[in-house]
Amino acid sequence: MSDSIASDAIKTQGSAVLKADCLITVGGMVLNNPATTVCKSNITRALPAADPFSGLATPTAGNPCKNVNGNKTSQTLQPGTYCSGMSLSGNVTLQPGVYVVQGGMKVNANAVVAGSGVTIFMAGSNTVSMNGNAKVTLSAPTSGAYSGVLFYGDRTGTAAQSTFNGTADSLLTGAIYFPRQQVNYLGNFSGNGGCTQVVADTIQWSGSTTIKQNCKGLGMDDIPAALSVQLVE
């Protein structure tokens, strides 16, 4: 679903192959390759969909600041506020909880990053950058205030871009929510069983990715598209 009023609010280009139940947009769409859909026809000029995470509370930064030890080849990180960002190398395990990142989050080449029950809040306009050679296996909480939310971009931020990349066996299970940023989803991976949701200002997909819409068993609510009403004479 795209809320954009642009004539190419949904666009495929190059050799892209897109399969979906249905494509819905407030504006128009430019499909340089035909999309495979279940619905009878794609829907343009639809009503805009509401932000499904509009009621999500903003995590509060805490003291003292926590830091990543860049000299360690293996470390376990605890939830809390990382005032200088997070640059992850080697083997890194994230314990369950909420991570408030005040600075960029970078997953470096050949890093192995894992964690379950994790929500990562990117404060301000700070971005995520994952190297394509990194193995990242992260999953969101399945209950509580941030159930199903893996990455959360600050609503008060300005335009920026976050890039999610990784090896073919990387898994990001949960919602990637960046209301003020473009999300570049470049990896040949998705969440556990395909359970990844992406809601952002702009989304660009590259690579081979399967994304499932209904993943309630993993803490994610269904995200409905807007209904469209038309008068026919």
Side-chain angles (χ1 to χ4, degrees), residues 1-56 58 120-130 148-165 172 174-191 194-215 220-232:
M1 171 74 201
S2 173
D3 279 359
S4 170
I5 63 173
S7 60
D8 59 350
I10 295 177
K11 182 178 181 179
T12 61
Q13 54 192 355
S15 58
V17 176
L18 176 61
K19 297 180 180 180
D21 284 353
C22 200
L23 301 179
I24 307 174
T25 174
V26 177
M29 58 185 73
V30 177
L31 305 177
N32 292 305
N33 296 307
T36 301
T37 56
V38 176
C39 62
K40 184 176 180 180
S41 61
N42 296 316
I43 300 172
T44 58
R45 298 186 296 278
L47 297 173
D51 182 347
F53 298 108
S54 61
L56 200 62
T58 300
I120 299 171
F121 175 73
M122 302 302 298
S125 303
N126 293 298
T127 62
V128 178
S129 176
M130 294 185 180
V149 180
L150 180 57
F151 283 93
Y152 177 3
D154 200 333
R155 295 190 188 93
T156 66
T158 56
Q161 294 189 29
S162 284
T163 298
F164 295 84
N165 206 348
L172 295 178
I176 298 173
Y177 174 54
F178 282 86
R180 299 298 298 273
Q181 292 191 30
Q182 174 170 313
V183 165
N184 300 314
Y185 199 89
L186 306 177
N188 296 320
F189 66 95
S190 52
C195 286
T196 300
Q197 297 175 337
V198 185
V199 176
D201 181 69
T202 307
I203 306 169
Q204 178 174 289
W205 274 289
S206 299
S208 178
T209 301
T210 298
I211 289 183
K212 288 187 178 179
Q213 173 67 3
N214 190 338
C215 299
M220 287 175 268
D221 289 334
D222 191 27
I223 299 180
L227 296 177
S228 179
V229 178
Q230 294 182 334
L231 294 176
V232 179

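- With a 6.0 Å radius and a threshold of 12 heavy atoms from other residues, nucleotides or ligands, L18 has its CG atom above the threshold.
- Put simply, the side chain of D21 never gets that close to the backbone of V38: no donor and acceptor are under 3.5 Å apart.
- For the atom pair CD1 of I211 and NZ of K19, the computed distance is 15.0 Å after rounding to the nearest 0.5 Å.
- Inter-residue side-chain proximity for S190 and Y185 is flagged as met; some heavy-atom pair is nearer than 4.5 Å.
- What you find for T44 and M29 is that their closest heavy atoms are CG2-CE, 4.0 Å.
- The distance from the CE atom of M122 to the CZ atom of R180 is 15.5 Å, given to the nearest 0.5 Å.
- In this structure, the side chains of R155 and L56 come closer than 4.5 Å at one or more pairs of heavy atoms.
- Between the side chains of T156 and D154, at least one donor N or O lies within less than 3.5 Å of an accepting N or O.
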Test ring-ring contact (aromatic ring centres under 6.0 Å, His included) on F164 and F151 and set out the steps. CA-CA 11 Å; F164 295 84; F151 283 93; 5.0 Å; yes

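- Between atom OG1 of residue T163 and atom CG of residue L186 there is a gap of 5.5 Å, rounded to the nearest 0.5 Å.
- The line from CG of D201 to OG of S4 is 9.0 Å long, rounded to the nearest 0.5 Å.
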Set out, in order, the CA-CA distance, both residues' side-chain angles and the distance that settles side-chain contact (heavy atoms from CB on, under 4.5 Å) for L31 and L23, then state yes or no. CA-CA 11 Å; L31 305 177; L23 301 179; 4.1 Å; yes

For Y152 and T58, what are the C-alpha separation, side-chain angles and deciding distance, and is it a side-chain contact (heavy atoms from CB on, under 4.5 Å)? CA-CA 9 Å; Y152 177 3; T58 300; 3.7 Å; yes

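- Minimum heavy-atom separation, A175 to M220: N-SD, 4.1 Å.
- Considering only heavy atoms from C-beta on, Q13 stays 4.5 Å or farther from D8 through its side chain.
- Across N184, N126, I176, T127, a single residue satisfies side chain to side chain contact (heavy atoms under 4.5 Å, CB included) together with S162, and that is T127.
- I10 is not listed as a side-chain neighbour of M1, based on a closest heavy-atom distance of 4.5 Å or more.
- Looking only at side-chain heavy atoms (C-beta outward), T196 and F189 stay at 4.5 Å or farther from each other.
- In the model, S125 has a side-chain atom that pairs as donor or acceptor with a side-chain atom of T158 under 3.5 Å.
- Of all non-hydrogen atoms in A49 and D3, the two that sit nearest each other are O-OD2, 2.6 Å.
- Atoms CG and CD, on L172 and Q197 in that order, are 13.0 Å from each other to the nearest 0.5 Å.
- When side chains are defined from C-beta on, D221 does not count as touching P52, because their heavy atoms never get closer than 4.5 Å.
- Taking CD1 of I203 as the start and CD of Q182 as the end, the distance is 9.5 Å to the nearest 0.5 Å.
- The two residues A200 and V183 have their closest heavy-atom pair at CB-CG2, 3.6 Å.
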